[in-house]
Each structure stands twice: as structure tokens, then as C-alpha cells.
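Written out below as C-alpha cells is the structure these notes cover.
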Amino acid sequence: MAALDGVEFGGLDAEVAVQKVLEETRKTVHPGVEGWVRQAVGTYLEDARWLADELGDVVLLPHRESRVLQHVSSPLEARVLTGWGRWYASADGAVREVRRLRVSRVGAGDDPSNLALAQLAAFGARAVGSVYRDMPVDVQGDAGPARRVRVVEIVVSDERVPKVVVDAAPEEVARRYRERAQPVASDVVFGGSRQPGSDCAQCKLRAECDALPHVPGLLGLDGNGTHRRVWSAATAGQYRICPAQAHLRDQRLPGDWSDHPAIRRGTLVHTWLEVAHSRLPYRACSEEDLPETHAGFAAELMTPDEYRQVRPFLLSHLEVCPLHANVTSVTAEPSTAAYDPVADVLVVAHPDLVYVADGRISYREQKTTGSSAAWDAGTLFERVPQLALAVCLVADGAFGGEAPVAGTVELEVMSPAGASLFSFDTGDAGVVERARAELVRLTGDWHTDVEFRARPGRHCATCPVARWCPDRHAADAGPIEVDGVLIDPRTGEILNEAPVTGRAQAVASAAGEPDPDDEPPF
């Protein structure tokens, strides 16, 4: 945005504007982020030329000021609606346009946020003061009223035509806003339930929020790092492969994911299990849920061919389904977070299943594999960092409230030949000590790293953000070898019988198991 300001308001060449912003930034910008910014600026300006041609005789001028709608009910209370984007209008104010920058995906025209942007363009005033600090915000009007309002989405990471999602008269904009967006705005103003997640890192209510567990010493680190950070088991795997990969994914740069059938298979298995374990009343998965002649309830989740591929894995799950026990609470695929104030790190986790049975909490991770290689219980904390994190979260009471502190962490590995189930008692001091030591090992270097240098190699073939990295290794054909382990770069499948190290497992998981929190927020 700063570079585009330099082009549109400073008259700078795009490359000069980008370089100027990079040099003036307070913190050093990672080479991968720099590469993405350069492409994003070039893509936006090319799309802006396309939009100018599309509008024909209508000439739009850029505005520095964002638009606001505000209501001041008292000297101490103001409600302000504003939006983030790039704002344009014709000289007479009759045609107004807001361009929404998207990282990797395009939204729908009736998305409430797009309708809110249209409402702002149609009826909002241009903010002269700060929309974040002033109350009320100082504004200025336009030369005349709006007659045509447009909202355009531009995906700055790919070469695709901009999408005009709203093009309407102000009256139509107002009607659609009242129907679709105003209820959402009301919910935001008056609040709702709290759900801890990665956003908690910057939330001003974090210190007082009773929904976010505060767990001093969760990661076993001695003190704060350079700034507040967000960490998950996915971060651990990415950093273990390559610090640059971890940083670029933390910056939410768009990734290139494989669409190999083996990856689709794992996603479908998890989707089926989530639906099956969320049924009320709670009941164990059974053979009746997996008919041979038709897909059953899976028909709404996958194609018949996909069902035939995943059915052998799901059949192996039946013997270890946790709902055979006397369960009183089941949550499939939840997201959770806990704050470690000693390390100043927000820890985020995505369990596959959390349930309470016979008064004891259990946290289960589930994996699929087409390999016949056995999993070594003694190396599972290194190979699957989610388990070490889960042990510490449960043992430290991160699942507080009604849930007990003592519990079990489980790993379920499904294959067509059967399922294996590994369990760890969080009441066992030795288990917790081993898990804590693994967390310290995984987070120690990451916690103080400010450079995130690339560690290129053949594993770059599986890196979803490799296209942004100037140090990436040229991809070549054939399996990737990591610590003697051969890995299919398309699927993450382990191809030989060698002992699987933590780094080899991290490379395999990066190819075959996209992080559920990877989707860019805009």
C-alpha cells in the first residue's frame, strides 16, 4: 500500500517506489517478502490499467483518504464504519470505486464485507483525521453525490482479471447493505462468544480475557524473545525444514499446494471423521456407516470414486473409534490457543478430536498412511510435534473450565492394513518432562531468530512458498532424500523402510498436510 501511494501520489516509478519503502521500513524485510511485494505492486498497477480501459470515458482519481460512516451518541461513545482498500472517484464524485486487495482468493459480490465497502463508497465521507484515534473523525465531503458505486477485487499474487463484485446505484447498495451487512455489523458492535485463536496475539483484551488460557512456562523457555510471536506445531515443522519457509508462511504469503490424490485422500478422511464424530447423540463409528454398495452419508462429502479410495482407511478406524467409550463431550476439529506470558508467545493448536470419556479428557491426532512401515512409539514426540504440544497443553490445564487436567494424548494412524493407536498419560511426570524438552528444542532457536535464513535443498520441491524465495533450490525429478528417508515430493508419502527422523517427517508433512491456518486472512 505504501509503495502504491508512492506511485499514485508521489509520481514515482513502481520499482523506485518499492525500493524507497523497503529502505524506509523500520525492520529489515525478508527477501521472500520483498519478492512478493514487488510482484504484488506490479500486478496491481497492471490491473489498474485494465480497469481504466474497462471504464472507458470515466476517469477515476485516487484518494488518499479512506471513507467513514460514523454515529456519535455521546462525547464518550462513537461507532465508526470504515474499510481497508484503495479509494477512487470521478472529479464530480458521481462514480466511486473501492479496490480490495486480495492475496489469493476472490470473494462473492454479496459478501457482507464487500457490501459494507460499497455502503462506505456510496455514503461515507472522506476521513481527514485518523479513523483509529480520533472520535469523531474529521471528514470532508465530495464534489457531488454518488450515482454509481463499484467494488473491485484484485488478486495481487496471480495474473488474473480483476473482478467487479459490486456495480450498482446507491439505492441498490443501501438495500443490499441493510439486508446482508447491517446484521453482521450489529453482531460486531454488540459482541458474541469468544473463540481463542491466532488473532489473540494482537488483541487488546488479551490480558483480561477469560476465554484465553494463560499458561506461564508452557513452552519451557526462560524469557521473552524479540517480540510477541505466534507458534504452532505447524510452525515447528516448517522451521525445522527451513527458517525462511516458516517466516514466509507466518507472513501468510500465498502457497502452492499439491492436488495429488493422496493429499485429497487425507483431507476426505478427516472430513468424514469430523462429520461422524459430531453426530448427536454421540455414537461410535460402525460398519453400517460405511456401506460397500453406496457411500451413505459420505455421498454429501465426496464422489463415489473418492469414497471407494478412503473406505479402507475408515474401516480401519472402526476398531479404535474413541466413541465406544462412555463419552460426555466431543469436539471435532476445534481450534484452541493458550498464551505463555513468560515467553510472550501465543500457542495455537488444531486437534483432530477432543473428547471427555469416563471423566478424563483425551486429545487425539489422526493420520493416514499408505506405507506399511511401523511407527516407533519412542520417537513420536520428535516425529509428530503436535503430540508434545498436546501433552503440555492438557497437563498445564489449557483445557480448563469443566474439563479435568489429567488426561490422555493419542495418535491414531490409519492404513488399509489396520489402525495403530498410541497413548500418552499426561499425569505421568516422565511423559510431560519428555514433551516439555521437545518443545524447548523446537522453539529455542525460533524464539530469537530475526533473520530466518533459507536452508535450500531438494526439499524446496515440497515448499508451498518456494516461488517467493530467491534462494530456492531448482526442483528436479525423483524422490527427496532426508536423513536416509525417501519422500514422494507430490504426496509426502515415505517410500522406504528407513527410520523416520523428525526433520524427514516435517518435510513429508509439508507436502501432504497443508496447515489449516494457512489461508490468508484477506
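None of the values given here were measured: they were computed from a predicted structure. In what follows, every heavy atom counts, from backbone to side chain, and hydrogens, waters and symmetry copies are set aside.
At distances below 3.5 Å, at least one donor-acceptor pair connects side-chain atoms of Asp340 with backbone N or O atoms of Leu218. Judged by distance alone, with hydrogens and angles left aside, the side-chain atoms of Thr331 form no donor-acceptor pair with the main-chain N or O of Pro334 at under 3.5 Å. Proximity of a side-chain donor or acceptor of His30 to a complementary backbone N or O of Gly32 within less than 3.5 Å is detected. A donor-acceptor distance shorter than 3.5 angstrom exists from the side chain of His459 to the backbone of Arg455, with no hydrogens or angles considered. In this structure, Arg175 contributes its side chain and Glu172 its backbone to no donor-acceptor pair below 3.5 Å. Here the side chain of Ser90 pairs no donor or acceptor atom with the backbone of Val59 at under 3.5 angstrom. With hydrogens and angles ignored, the 3.5 Å screen pairs no side-chain donor or acceptor of Gln119 with any backbone N or O of Ala181. With hydrogens and angles ignored, the 3.5 Å screen pairs no side-chain donor or acceptor of His247 with any backbone N or O of Glu451. Remark: side-chain polar atoms of Thr25 are not paired, donor with acceptor, to backbone N or O of Lys27 under 3.5 angstrom. Side-chain N or O atoms of Asp142 include none that pairs as donor or acceptor with a backbone N or O of Gly144 at under 3.5 Å.
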Requested in this report: Quick one: do Arg229 and Asp344 satisfy salt bridge (charged side-chain N to carboxylate O under 4.0 Å, His left out)? Show the steps, please.
Outcome: CA-CA 7 Å; Arg229 303 186 183 214; Asp344 196 17; over 6 Å; no

Report task. Please report the C-alpha distance between Tyr239 and Asp445 in whole Å, then the side-chain angles of each, then the deciding distance to 0.1 Å, and finally whether the side chain to side chain donor-acceptor pair (under 3.5 Å) criterion is met. Result -> CA-CA 9 Å; Tyr239 191 84; Asp445 291 340; 5.4 Å; no

Query raised in the report: Please walk me through it: do Phe297 and Arg279 pass side-chain contact (heavy atoms from CB on, under 4.5 Å)?
Result: CA-CA 11 Å; Phe297 71 77; Arg279 295 177 294 182; 3.9 Å; yes

Report task. Evaluate the criterion side chain to side chain donor-acceptor pair (under 3.5 Å) for residue pair Gln19 and Arg38; output intermediate values, then yes/no. Result -> CA-CA 9 Å; Gln19 190 61 38; Arg38 292 182 187 280; 2.8 Å; yes

Requested in this report: Test Trp36 against Val156 for side-chain contact (heavy atoms from CB on, under 4.5 Å), laying out the working first.
Outcome: CA-CA 9 Å; Trp36 179 80; Val156 294; 3.7 Å; yes

Query - side-chain contact (heavy atoms from CB on, under 4.5 Å) evaluation trace for Met1 with Leu101 - result: CA-CA 9 Å; Met1 292 289 275; Leu101 279 64; 3.9 Å; yes

**Report entry** Verdict with supporting geometry, Phe9 and Arg64, side-chain contact (heavy atoms from CB on, under 4.5 Å)
**Finding:** CA-CA 8 Å; Phe9 305 115; Arg64 282 185 180 273; 3.1 Å; yes

Requested in this report: Show your working on salt bridge (charged side-chain N to carboxylate O under 4.0 Å, His left out) between Arg176 and Asp110 and close with a plain yes or no.
Outcome: CA-CA 8 Å; Arg176 294 169 64 186; Asp110 60 352; over 6 Å; no

Requested in this report: Check the pair Arg100, Ser113 against side chain to side chain donor-acceptor pair (under 3.5 Å), reporting the backbone distance first and the verdict last.
Outcome: CA-CA 10 Å; Arg100 184 175 188 178; Ser113 56; 2.8 Å; yes

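At a threshold of 4.5 Å between non-hydrogen side-chain atoms, the residues Leu314 and Leu273 count as touching. Between Ser130 and Val137, every side-chain heavy-atom pair lies at or beyond the 4.5 Å cut-off. Between Met414 and Lys367 there is no side-chain heavy-atom pair separated by less than 4.5 Å. Counting only heavy atoms from C-beta outward, the side chains of Leu55 and Leu60 approach each other to under 4.5 Å. Side-chain atoms of Leu22 and Glu34, non-hydrogen and from C-beta on, do get closer than 4.5 Å to each other. Counting only heavy atoms from C-beta outward, the side chains of Arg249 and Gln251 never approach each other to under 4.5 Å. Side chains of Glu54 and Val164 form a contact here, defined as non-hydrogen atoms less than 4.5 Å apart. Here the side chains of Trp446 and Phe452 are in contact, with some heavy-atom distance below 4.5 Å.
A salt bridge does not link Arg86 to Glu97: none of the charged nitrogens lies less than 4.0 Å from a carboxylate oxygen. Here Arg150 pairs with Asp167 in a salt bridge; the nearest charged N to carboxylate O distance falls below 4.0 Å. Using a cut-off of 4.0 Å between Lys/Arg side-chain N and Asp/Glu carboxylate O, Glu153 and Lys163 are scored as not salt-bridged. Taking a cutoff of 4.0 Å between a charged side-chain nitrogen and a carboxylate oxygen, Glu46 and Arg49 qualify as a salt bridge. The residues Arg79 and Glu77 are annotated as salt-bridged, a charged nitrogen and a carboxylate oxygen being separated by less than 4.0 angstrom.
A cation-pi arrangement, defined by a distance under 6.0 Å to the six-membered ring centre and an angle within 45 degrees of its axis, is present between Arg99 and Tyr88. Arg206 forms a cation-pi arrangement with Tyr339, by the criterion of a distance under 6.0 Å to the ring centre and an angle within 45° of the ring axis. Within the cation-pi definition used here (under 6.0 Å to the ring centroid, within 45° of the axis), Arg311 does not qualify as a partner of Trp272.
The local environment of CD in Glu300 is sparse, with at most 12 non-hydrogen atoms from other residues, nucleotides or ligands closer than 6.0 Å.
Between the OG1 atom in Thr82 and the CG atom in Leu120 there is a gap of 6.0 Å [rounded to 0.5 Å]. Atom CH2 of Trp84 is separated from atom OG of Ser66 by 12.0 Å, given to the nearest 0.5 angstrom. If you take CD on Gln39 and CG on Leu253, they are separated by 10.0 Å, rounding to the nearest 0.5 Å. Residue Leu389 holds its CG atom at 9.0 Å from CD of Glu365, rounded to the nearest 0.5 Å.
The minimum heavy-atom distance linking Leu442 with Pro385 is given by the pair CD1-CB, 3.6 Å. The minimum heavy-atom distance between Val173 and Ala122, with the atom names listed, is CG1-CB, 4.2 Å. Taking both residues in full, the closest heavy atoms of Ala343 and His447 are given as O-NE2, 2.8 Å, listed atom of the first, atom of the second, then distance. Between Ala233 and Gln386 the shortest heavy-atom distance is CB-CG, 3.5 Å. In plain terms, the two heavy atoms of Val41 and Ala3 that are nearest each other are CG2-CB, 3.9 Å. The two residues Gln245 and Cys463 make their nearest non-hydrogen contact at NE2-SG, 3.5 Å.
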